[in-house]
Amino acid sequence: MINKSIALDNWFSPHILALKPYSSARDEYSGSEGVFLDANENALGSATKELYNRYPDPHQKSLKQKIARVKGVQPEQIFLGNGSDEIIDLLIRATCVPAESHILTMPPTYGMYSVSASVSNIEVVPVPLTPDFEIDRESVLEKLASKPRLIFICNPNNPTGNLFSANSILKIVAASTNLVVVDEAYMDFAPGASMLKYLEEYPNLLIMQTFSKAWGMAGLRLGMAFAHPSVVGVLNKIKPPYNVNLLTQKLATEAMDNSDAVEHMVSAIIEERSRMTELLKKNPLVEKIYSSDTNFLLIKTIDAPGIYQALVDKQIIVRSRHKDLYCENCLRITIGSSQENRFLLEAMEEIALQSAF
Ligand SMILES: *Cc1c(COP(=O)(O)O)cnc(C)c1O
């Protein structure tokens with residue numbers, strides 16, 4: 001295999017490679033002891049009981065060490081963002097030239113790839129999944145000739161809930177001369193299927209994971225990217241210096257010692273997922289339940305807009321995916337607590353009884 005690491009110049013925009021990053025106060029002196037009069041902080045304290053008056057570590061060193069150990073990678077292969085959404089945005093800005101470059105997505109998929117691209121005036125070239133939600137590999141491979149600056153593959157996919165074959169993804173990674181992003185936001189619910197083990201072999205592979213789903217820390221905003229150290233280096237160069245706040249770094253570092261609790265929650269959610277699947281199947285409003293490797297179910301109903309509204313009237317909020325490609329009359333329902341799930345099931349039964357059957 002050709003050594004793609006030497007292709008770094010092709011993966012990022014020239015102006016990004018040439019850019020000299022902002023050097024924060026804490027970049028120039030990295031010791032933790034001293035009299036710190038360098039960052040215009042308030043040395044007297046905070047307006048809160050807990051102290052937050054010092055800027056956080058811009059390189060998140062201790063958190064990265066913990067993550068590296070848990071994930072079996074080197075700290076230099078980790079980039080952390082203020083949620084995966086920040087990483088998506090940084091990746092697009094690092095690789096694309098506005099009004100010139102394009103990226104490739106595979107709808108129906110996560111909406112932020114195209115929103116972030118549009119914000120930067122980057123064209124999005126969609127290569128739809130097949131109607132049964134598999135990657136249209138031949139079409140993707142054909143489109144590589146136009147050199148999309150990024151390819152986004154969401155695996156398992158949101159909103160369809162399914163896992164793609166690793167083989168299909170690897171064929172695309174191997175054939176691409178640019179970066180391929182595999183968004184593994186839901187991978188904790190599909191144990192064993194992560195593509196982290198292919199990082200060494202494919203330097204143009206970037207894998208995103210998040211603390212927002214299985215780890216239960218959506219409110220703290222922490223996303224992870226795993227990639228070749230030179231790719232991480234470019235992202236570090238363009239990120240806002242203090243993008244991951246102090247509290248998030250502290251609590252996420254603590255959370256890394258609690259992966260047993262996460263495993264328990266994941267098993268409980270997977271169990272609820274199969275229970276919900278069985279019970280929803282019996283509801284006459286439901287035509288089909290797609291198989292899920294995530295913490296949500298995509299269901300095809302007889303009338304998604306109507307059922308969505310009827311649920312809202314009962315103060316139960318789900319997501320309508322009715323307007324997504326191949327998702328006509330589909331609702332996406334997060335697996336909640338067993339009580340929340342019972343509320344949903346009861347509401348669906350009531351709506352079925354009230355509708356004209
Ligand atoms: C929820 C989700 C994320 C997570 O985004 P954060 O910014 O880390 O909360 C990323 N990708 C997909 C596909 C998601 O569904």
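For ligands, and for the atoms within them, numbers begin at 1 and follow the listed sequence. Start at 1 with the first residue, then count along the sequence.
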When you measure from the side chain of Lys237 to the backbone of Leu19, do you find a donor-acceptor pair of N or O atoms at a distance under 3.5 Å? yes
Closest non-hydrogen contact found for Glu328 with Lys300 is O-NZ, 2.7 Å
So the atoms of ligand 1 within less than 4.0 Å of a heavy atom of Ala185 turn out to be 2 (C), 3 (C), 10 (C), 11 (N), 12 (C), 14 (C)
Quick note on ligand 1: atoms under 4.0 Å from a heavy atom of Cys154 include exactly 13 (C)
Any heavy atom of Tyr186 under 4.0 Å from ligand 1? The part involved is side chain
Students should find that the hydrophobic cluster of Leu163, defined by side-chain heavy atoms under 4.5 Å apart, otherwise consists of Met187
Query raised in the report: Ion pair present between Glu272 and Arg275, side-chain N to carboxylate O less than 4.0 angstrom?
Result: yes
Taking only non-hydrogen atoms of Lys213 and a 4.0 Å limit, the atoms of ligand 1 in range are 1 (C), 2 (C), 3 (C), 4 (C), 14 (C), 15 (O)
Residue pairs passing the salt bridge (Lys or Arg N to Asp or Glu O under 4.0 Å) test with at least one member in residues 58-75, sequence neighbours excluded, are Asp57-Lys61, Lys66-Asp257
Heavy-atom closest pair (Lys314 atom, Ala347 atom, distance to 0.1 Å) is CD-CB, 3.6 Å
Any heavy atom of Ser212 under 4.0 Å from ligand 1? The part involved is side chain
Note: Arg221, heavy atoms under 4.0 Å from ligand 1, region reported as side chain
Filtering Asn295, Leu220, Thr210, Asp183 for the heavy atom nearest atom 10 (C) of ligand 1 leaves Asp183
